[in-house]
Amino acid sequence: MTVEKLIDGIAGSLHEAFGFPIYTEHIEQDLRAPCFLVLCDANRGARLPGDRYRHSADMSIVYFPKDGKKEMDDVSDRLMYLMEFVDTDSGKVRTRDRSSVISDNTLVFTFNVLVHERISKEMDVMLHEETVFRG
């Protein structure tokens, strides 16, 4: 699973369900409400015994409403069901720990995606690449 494909899957589901603009990076100006911002807050991985790998990502969907609290409550309810499963490059994955909070006139919906994968040749190369820093 890659974060990029995970964000693409989330954005595709949001677009299909709501049709609002979807951003994947912070925007300083010209934000048009209603819209969504999709972010990966934390990305973790660990090699497991054998040829397995555990990949976990904490995700946030920030909703900027046009109207107010009632609209955010409605979107929160819809996201609880819509984000139960997300498409990734590892297939459709069930999310965990879905929750939402209203803060600073925005809705912040968070959840976790956990995938156990078999290590492919491509992933094995990524796990063993050496990073060289040049100053």
Side-chain angles (χ1 to χ4, degrees):
M1 173 181 76
T2 63
V3 170
E4 179 183 356
K5 294 293 184 180
L6 177 57
I7 289 172
D8 289 347
I10 294 166
S13 293
L14 291 172
H15 179 72
E16 188 175 310
F18 293 95
F20 301 150
I22 300 160
Y23 301 96
T24 57
E25 300 203 14
H26 287 286
I27 299 178
E28 298 295 324
Q29 358 176 324
D30 299 328
L31 185 92
R32 288 194 206 153
C35 65
F36 292 100
L37 171 64
V38 179
L39 300 170
C40 178
D41 299 320
N43 186 20
R44 295 176 293 281
R47 189 165 192 156
L48 302 174
D51 62 346
R52 300 197 31 94
Y53 192 79
R54 180 180 59 231
H55 191 166
S56 175
D58 295 333
M59 304 300 297
S60 291
I61 300 172
V62 182
Y63 176 66
F64 299 91
K66 186 173 183 177
D67 292 323
K69 185 174 179 338
K70 185 177 179 189
E71 178 185 351
M72 287 186 279
D73 289 339
D74 178 57
V75 170
S76 175
D77 289 340
R78 291 178 66 188
L79 288 174
M80 284 292 175
Y81 296 102
L82 180 66
M83 289 294 124
E84 183 175 0
F85 294 94
V86 293
D87 288 321
T88 71
D89 48 343
S90 295
K92 194 171 279 277
V93 178
R94 183 184 295 264
T95 63
R96 309 174 321 143
D97 303 325
R98 292 182 305 278
S99 66
S100 65
V101 63
I102 294 174
S103 175
D104 294 327
N105 295 320
T106 60
L107 170 71
V108 180
F109 184 85
T110 59
F111 57 94
N112 175 269
V113 176
L114 176 65
V115 174
H116 288 90
E117 302 172 295
R118 291 221 179 273
I119 296 176
S120 66
K121 288 181 184 179
E122 190 176 283
M123 185 187 297
D124 198 40
V125 168
M126 289 188 328
L127 292 172
H128 291 99
E129 281 183 352
E130 290 187 32
T131 304
V132 178
F133 295 97
R134 293 191 166 95

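Positions are given from 1 along the sequence.
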Name the atoms and distances for all side-chain donor-acceptor pairs under 3.5 Å in residues 32-46, with sequence neighbours left out.
from: Asp41; atom 1: OD1; to: Ser60; atom 2: OG; distance (Å): 3.4
from: Asp41; atom 1: OD2; to: Ser60; atom 2: OG; distance (Å): 2.2
from: Asn43; atom 1: OD1; to: His55; atom 2: NE2; distance (Å): 2.6
from: Arg44; atom 1: NH1; to: Asp58; atom 2: OD2; distance (Å): 3.1
from: Arg44; atom 1: NH2; to: Ser56; atom 2: OG; distance (Å): 3.3
from: Arg44; atom 1: NH2; to: Asp58; atom 2: OD1; distance (Å): 3.2
from: Arg44; atom 1: NH2; to: Asp58; atom 2: OD2; distance (Å): 3.2

For the student: nearest non-hydrogen atoms of Leu107 and Ser100, plus distance: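 Looking at all heavy atoms of both residues, the closest pair is CD1-CB, 3.7 Å.
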
Provide the closest heavy-atom pair for Asn105 versus Pro65 in the form atom of the first, atom of the second, distance.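 It is O-CD, 3.3 Å.
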
Does Thr95 reach the main-chain N or O of Met83 with its side chain, forming a donor-acceptor pair under 3.5 Å?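 At least one qualifying donor-acceptor pair exists.
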
Determine whether a donor-acceptor pair (N or O, by modelled atom type, separation under 3.5 Å) exists between the side chain of Arg98 and the backbone of Met80.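 A pair under 3.5 Å: yes.
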
Is it possible for you to say whether Phe85 and Leu114 belong to one hydrophobic cluster, with membership spreading through side-chain heavy-atom contacts below 4.5 Å?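 No, separate clusters.
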
Got a second to check how far [X]'s [atom1] is from [Y]'s [atom2], nearest 0.5 Å?
X	Y	atom1	atom2	answer
Tyr23	Leu31	OH	CG	5.5 Å
Ile7	Thr24	CD1	OG1	6.5 Å
Phe20	Tyr63	CZ	OH	4.0 Å
Ile61	Thr106	CD1	OG1	13.0 Å

Under the side chain to side chain contact (heavy atoms under 4.5 Å, CB included) rule, what do Phe109 and Val75 come out as? Steps first, then yes or no, please. CA-CA 10 Å; Phe109 184 85; Val75 170; over 6 Å; no

Side chain proximity check, [X] to [Y], heavy atoms < 4.5 angstrom:
X	Y	value
Val101	Thr110	no
Arg52	Glu117	no
Ile10	Phe111	yes

Pairs where residues 73-82 contributes a residue and the test salt bridge (Lys or Arg N to Asp or Glu O under 4.0 Å) is met, not counting sequence neighbours: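 Residue pairs passing salt bridge (Lys or Arg N to Asp or Glu O under 4.0 Å), neighbours aside: Lys69-Asp73.
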
Taking atom NE2 of His15 as the centre, report whether more than 12 heavy atoms of other residues, nucleotides or ligands fall under 6.0 Å from it.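 Check fails, neighbour count at 12 or below.
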
